[in-house]
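I have a structure I would like to understand better, so I am pasting it below and will then ask my questions one at a time.
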Number of protein chains: 2
Amino acid sequence: MLDQESIPSVGEQAYRLIRNDIIFGRLAPGARLRLEKLRDRYKVSITTLREILARLAADGFVRAEGQKGFAVAPVSDEDLTEIANLRILLECHALEQSFTDGDVDWEASVVAAHHKLNVMERKMISGDLSVRETWKRYDWEFHRALIQACGSQLLLSTHGEIFDKYLRYQMLTLTFRGEEAARDHRDLMQAALSRDAEAGKTILRRHILNGVEHSIQARVAERLSA
Amino acid sequence: MLDQESIPSVGEQAYRLIRNDIIFGRLAPGARLRLEKLRDRYKVSITTLREILARLAADGFVRAEGQKGFAVAPVSDEDLTEIANLRILLECHALEQSFTDGDVDWEASVVAAHHKLNVMERKMISGDLSVRETWKRYDWEFHRALIQACGSQLLLSTHGEIFDKYLRYQMLTLTFRGEEAARDHRDLMQAALSRDAEAGKTILRRHILNGVEHSIQARVAERLSA
DNA sequence: ATTCGAAAAATAATTGATTATTTTCCAAAT
DNA sequence: ATTTGGAAAATAATCAATTATTTTTCGAAT
């Protein structure tokens, strides 16, 4: 049974590829995005690429410099800090709404998402870094599950945009905080099931800020070893 | 002295036109955006239009329905409420940061922006509705000035996106609350100059929620008279 | 009268060519 | 040696044509 809706257009496929390549660092921060090179790499025409880059510019992953081409959005500690602070603002608020309004289906989805994430974290802790993209996807799914019942589509989509920006920084340094992050996730799930929004917000804030600190240190170390 | 940077490309001009036409209701919510009709109306080619619509879809003003064309984003009371709540979350937070960190230059810009807004509000109160787009622009500038010193570019740009969505609802109903809104603005300016973030947040929350209520009532009245 | 399937019409998506703009290179002037 | 200006090369922006997909229409079957 072939689902026609599951076959994206050529342009949509290339958009997803390029977006992922930026988030996962395969297109480096600040890199010029020459249309002819992108055409060769992604196998779509220049006009289609312009459409994609315009979307990515609106998404914030690409910088469009009027008539001077496009470049991958740069990264900086300041930007990461701003992203993290905005993520905290949005996600803590959404968490609180979700903890208040979530039903038993929501609880089940939180538990299921945590289980999947925990499986990946176990693998990462044991040294298997090959699952890192899956791990980050489950990390997203877990955080999304926690806030899913917040009652505002706009808040969810805005949070998703910010989360992707945060994710990009994590993929660029690709550090793993090990048991500490896994414990945070477990604590978040417990807070969700006991509907303790204050605890949830405190854990989440700490979780994010520690992640930022860890990423910034990793970026410092990277610069020193370069 | 001709500033080359001030001559936007054909595509950029059309993007701004179409965006404004959506915000100011000249392209109605839910309306199909047929490429051939847009080409005739805005005098750009279909490929350029696709690029523009892709951007506007990423902005949230247009809905792209995969392979079935584009439509102006719909409006609803639920959406307006979500926008308002997110605006409150972002703007109150940014207000607090701004009130804390703003310097004397910031104070001057708040006073100046309030002055310009007040001039327009005086005209609106006296019955001159012809200045309504200028009035809404100064309304934006005033609110932007209040939060300008919040210290986060990302917060400012995210807030700007939400504000535009809120603005669209206001332009669609084009109601004016008269002296009540003007008093809120005055109170906000006073709170800013006295660095009273708690008062500022209370006024702002009330200001936005009353505006929402007013818009929803106006939309109900519109539906009854149609 | 209703349903189904095929063809036609309409519209979306993509392409490559053309036009417009920016960047680089190089020779002449200082 | 440095600066300036113009030409060439590179690249961005736009276009119209072609291809792909969706929607509408209409005749045949039930």
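All values derive from a computational prediction rather than experimental measurement. Each chain gets a letter, A, B and so on, in the order the sequences are listed, and its residues count up from 1.
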### Separation of D/dA13 P from A/I52 CD1 (nearest whole Å)
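One finds 15 Å between P of D/dA13 and CD1 of A/I52, rounded.
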### Task
Give a yes/no on whether any side-chain N or O of B/T48 is located under 4.0 angstrom from OP1 or OP2 of D/dC15.
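Looking at the OP1 and OP2 atoms of D/dC15, one of them is under 4.0 Å from a side-chain N or O of B/T48.
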### Message
Whole angstroms only, please: what is the CD-C1' distance between A/E51 and D/dC15?
### Response
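Rounded to the whole Å, the gap is 15 Å.
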### Query
Just to confirm, is there a sub-4.0 Å distance from OP1 or OP2 of C/dT11 to any side-chain nitrogen or oxygen of B/R32?
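No, no such contact exists.
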### Task
Using whole Å, report how far CD of B/E36 lies from C1' of C/dA13.
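To the nearest whole Å, that distance equals 13 Å.
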### Query
Base, sugar-phosphate alone, or nothing: which one does A/S45 contact when heavy atoms must sit under 4.0 Å apart?
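Base, at least one base atom sits under 4.0 Å.
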### Query
Between B/I46 and B/K37, which has a closest nucleotide on DNA chain C that is more 5'?
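Its nucleotide being nearer the 5' end, the pick is B/K37.
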### Query
Which listed nucleotide (D/dT11, D/dT14, C/dA12) is nearest to the side chain of B/L35?
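My answer, after comparing the listed nucleotides, is C/dA12.
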### Query
Starting at CG of A/L49 and ending at P of C/dG16, how long is that distance when rounded to a whole Å?
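After rounding, the gap between these two atoms is 12 Å.
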### Message
Please confirm whether the shortest side-chain N or O distance from A/R34 to OP1 or OP2 of D/dA12 is below 4.0 Å.
### Response
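So the side-chain polar atoms of A/R34 do come within 4.0 Å of the phosphate oxygens OP1 or OP2 of D/dA12, strictly under.
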### Task
State which of D/dC15, D/dT23, C/dT22 makes the closest approach to the side chain of A/K68.
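So the side chain of A/K68 is nearest to C/dT22.
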### Query
Are any side-chain N or O atoms of B/D103 and backbone N or O atoms of B/D105, one a donor and one an acceptor, separated by less than 3.5 Å?
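It does hold such a pair.
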### Task
State whether the number of non-hydrogen atoms from other residues, nucleotides or ligands found under 6.0 Å of A/R63 atom CZ is greater than 12.
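For A/R63, atom CZ is not crowded (no more than 12 foreign heavy atoms under 6.0 Å).
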### Selection from D/dC15, D/dT22, C/dT14 that lies nearest to any side-chain heavy atom of A/S9
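Nearest listed nucleotide: C/dT14.
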### Task
Specify the closest pair of heavy atoms between B/A84 and B/V212, including all atoms of both residues, with the distance to one decimal.
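Answer, listing the atom of B/A84 first, then B/V212: CB-CG2, 3.2 Å.
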### Task
Could you tell me the separation between the CZ atom of B/R50 and the P atom of D/dT21, rounded to a whole number of Å?
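B/R50 atom CZ is separated from D/dT21 atom P by 13 Å.
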### Query
When you look at CD of B/Q13, are more than 12 heavy atoms from neighbouring residues, nucleotides or ligands closer to it than 6.0 Å?
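Check passes, neighbour count above 12.
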### Query
B/T158 side chain to B/L155 main-chain N or O, any donor-acceptor pair under 3.5 Å?
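It does not hold such a pair.
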### Task
Check the distance between C/dA13's C1' and A/Q13's CD and give it to me in whole angstrom.
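After rounding, the reported distance stands at 13 Å.
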### Query
Counting just side-chain N and O atoms, does B/Q67 come under 4.0 Å of either OP1 or OP2 of D/dT22?
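Answer yes for this pair, as a side-chain N or O of B/Q67 is under 4.0 Å from OP1 or OP2.
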### Message
In this structure, how many angstroms lie between the C1' atom of C/dT11 and the CG atom of B/D40, rounded?
### Response
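Checked: the CG to C1' distance equals 14 Å.
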### Query
Given atom OH of B/Y15 and atom C1' of D/dA13, what is their separation to the nearest angstrom?
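In whole Å, D/dA13 C1' lies 17 Å from B/Y15 OH.
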